[in-house]
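Below you'll find the structure, written out as structure tokens, and then a few comments.
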Amino acid sequence: MAPSYANIFKGIFEQDLLADCDTKPDVWLRFIDDIFVVWTAGPKKFEEFMSFLNSRHPTLKFTFDNSLERVNFLDVTVSRDSMGLISTDLYSKPTDTHQYLSSLSCHPNHIKRSIAFSQSLRILRICSDPSTARLRCNELCDFLVRRGYNRKKVSCQIDRAFKSFYSKSTIPPSVEGEKPRRIYFTVQYHPGLPDIKGTLTKYLPLLHLSSRMREAVPEPPIVSFRQPSNLKNLLVRAKVKNPRPKGEPSRPCYRGKTKPCQLCSKLVASDVVTSTSNRRNFHCFNENTTCSSKWVIYLISCPVCFKQYVGQTNDLRLRINGHKSNLKKFREGKALSRNCTELYKHLSSHPPIDIFCPDS
């Protein structure tokens with residue numbers, strides 16, 4: 001939410017600022033923290049205006065780049081010719097390496113084709129002169145060829161963008177109405193997939209032999225692809241956990257039932273656990289933990305002999321039920337049974353099981 005707060009602050013700030021200054025700019029356009037200004041009151045007044053800007057807030061400071069001929073704003077170069085007319089051109093930073101999606105990337109072909117088309121439309125919207133737009137599109141073609149794309153296919157998409165951009169004024173407006181319901185056929189993308197769209201179209205008449213299926217699937221489904229696993233998905237986890245309020249017990253899971261889970265009701269997600277051997281305290285991760293939690297370090301304490309058993313598991317429900325089974329059958333080879341043979345009766349009634357450091 002930081003950009004939203006920043007925009008609110010800057011909006012109030014610039015509203016009060018422009019209301020208090022004596023000489024105002026003819027044009028004041030802002031995008032987050034970049035401002036485009038047209039000034040016609042002379043350089044001396046402009047310096048006074050900048051000094052006034054930087055005196056309004058103790059930590060907010062403005063820097064500027066001005067010119068009588070041209071200035072860069074975001075990805076646009078705004079220039080003025082000898083007749084005083086304004087023209088726009090595409091601006092790229094000197095550090096821009098134009099690292100577009102590689103042609104060898106594991107993406108559907110229509111995604112790769114759309115890069116040249118969409119980037120060409122962007123250039124056509126920015127450049128006011130068609131000849132300049134054609135020059136920038138040729139540069140785009142060279143950049144994509146360096147990334148492994150076929151020049152002929154890229155040029156075809158650029159020509160398609162030109163045709164679409166300059167003929168859009170002749171296209172009659174579409175009449176909005178109730179759109180037919182379309183069915184999507186979603187599959188994980190792989191370069192070795194067969195022609196799914198052709199297969200669905202080919203065998204659609206078999207479905208239409210049934211009147212019920214003809215009504216349910218009147219047209220071939222739209223094929224949509226799901227992104228396969230990549231290195232980012234395998235190495236980085238973006239799941240946001242819901243923290244447990246400090247001092248509150250874990251919320252038990254219901255697992256589709258009206259009553260709380262019996263195992264969850266006996267778990268204690270502790271903020272701090274204390275070792276009975278050396279009285280050392282261990283601070284725990286503040287998270288709601290249930291029997292369905294994965295990759296958990298757990299502590300089982302015996303209220304009779306005060307012995308403690310620490311273990312780790314990737315399936316808490318399976319591991320705790322295994323401990324209960326071992327204690328019930330007095331399996332001496334198991335570590336928990338060997339350390340505390342009196343624990344099973346307490347596990348069955350009210351086991352003090354502390355769960356700490358989940359996902360550690």
Side-chain angles (χ1 to χ4, degrees), residues 3 7 14 24-43 46 49-50 62-105 107-176:
N7 277 323
E14 69 183 6
K24 299 179 176 60
D26 291 10
V27 176
W28 175 285
L29 303 174
R30 178 180 59 85
F31 180 77
I32 304 180
D33 60 345
D34 292 309
I35 305 172
F36 178 79
V37 172
V38 175
W39 187 269
T40 57
F46 182 71
F49 177 72
M50 291 303 302
F62 292 84
T63 60
F64 65 93
D65 179 22
N66 63 328
S67 174
L68 297 176
E69 302 297 334
R70 65 176 59 223
V71 67
N72 300 320
F73 178 68
L74 301 177
D75 57 351
V76 183
T77 297
V78 183
S79 59
R80 186 189 66 169
D81 59 15
S82 58
M83 300 297 293
L85 300 177
I86 298 296
S87 62
T88 56
D89 191 6
L90 179 67
Y91 171 71
S92 298
K93 292 184 178 180
T95 56
D96 189 0
T97 57
H98 304 282
Q99 294 295 314
Y100 298 103
L101 181 70
S102 173
S103 63
L104 301 178
S105 179
H107 283 75
N109 290 329
H110 71 272
I111 298 293
K112 300 175 184 178
R113 289 194 302 268
S114 67
I115 294 176
F117 179 76
S118 59
Q119 290 298 314
S120 299
L121 285 180
R122 168 176 169 263
I123 293 173
L124 287 167
R125 295 188 184 106
I126 291 176
C127 297
S128 57
D129 185 20
S131 60
T132 305
R134 174 61 71 175
L135 179 62
R136 298 292 175 253
C137 287
N138 292 338
E139 294 175 353
L140 171 67
C141 182
D142 295 335
F143 294 142
L144 292 175
V145 169
R146 294 176 191 172
R147 298 294 292 167
Y149 290 85
N150 183 276
R151 182 179 295 274
K152 184 177 180 180
K153 293 181 179 179
V154 172
S155 300
C156 181
Q157 294 299 319
I158 293 176
D159 294 338
R160 174 171 162 252
F162 269 83
K163 183 178 179 180
S164 173
F165 183 79
Y166 287 109
S167 63
K168 62 182 179 181
S169 58
T170 61
I171 300 177
S174 59
V175 179
E176 294 187 0

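Basis for what follows: all heavy atoms, side chains included, without hydrogens, waters or symmetry-related copies.
- For the atom pair Thr88 OG1 and Arg125 CZ, the distance stands at 13.0 Å (nearest 0.5 Å).
- No side-chain donor from either of Ser128 and Ser87 sits under 3.5 Å from a side-chain acceptor of the other.
- With rounding to the nearest 0.5 angstrom, the CZ atom of Phe117 is 11.5 Å from the CG atom of Asp159.
- Rounding to the nearest 0.5 Å places CZ of Phe165 at 8.0 Å from CG of Leu121.
- Atom CZ of Arg30 sits in a crowded spot, with more than 12 heavy atoms from other residues, nucleotides or ligands closer than 6.0 Å.
- In this structure, CG in Leu140 is found 11.0 Å from CD in Gln157, a value given to the nearest 0.5 Å.
- Applying the side-chain hydrogen bond (donor to acceptor under 3.5 Å, both in side chains) test to every pair with at least one member in residues 107-117, sequence neighbours left out, gives these pairs: Ser105-His107.
- A donor-acceptor distance shorter than 3.5 angstrom exists from the side chain of Arg147 to the backbone of Tyr100, with no hydrogens or angles considered.
- With hydrogens and angles left out, the side-chain atoms of Asp26 and Thr40 include a donor and acceptor closer than 3.5 Å.
- Every residue meeting the ring pair (Phe, Tyr, Trp, His ring centres under 6.0 Å) condition with His98, not counting sequence neighbours, appears here in chain and number order: Phe143.
- To the nearest 0.5 Å, atom CZ of residue Arg122 and atom CG of residue Asp75 are 4.5 Å apart.
- Residues Asp89 and Arg136 meet the side-chain proximity criterion, which asks for heavy atoms closer than 4.5 Å.
- In this structure, the side chain of Ser120 does not engage the main chain of Ile158 through any donor-acceptor pair within 3.5 Å.
- You'll find the side chain of Val37 reaches within 4.5 Å of the side chain of Trp28, heavy atoms only.
- Atom CG in Leu29 sits 6.5 Å away from atom CZ in Phe73 (nearest 0.5 Å).
- A 6.0 Å sphere centred on CD1 of Ile86 holds more than 12 heavy atoms belonging to other residues, nucleotides or ligands.
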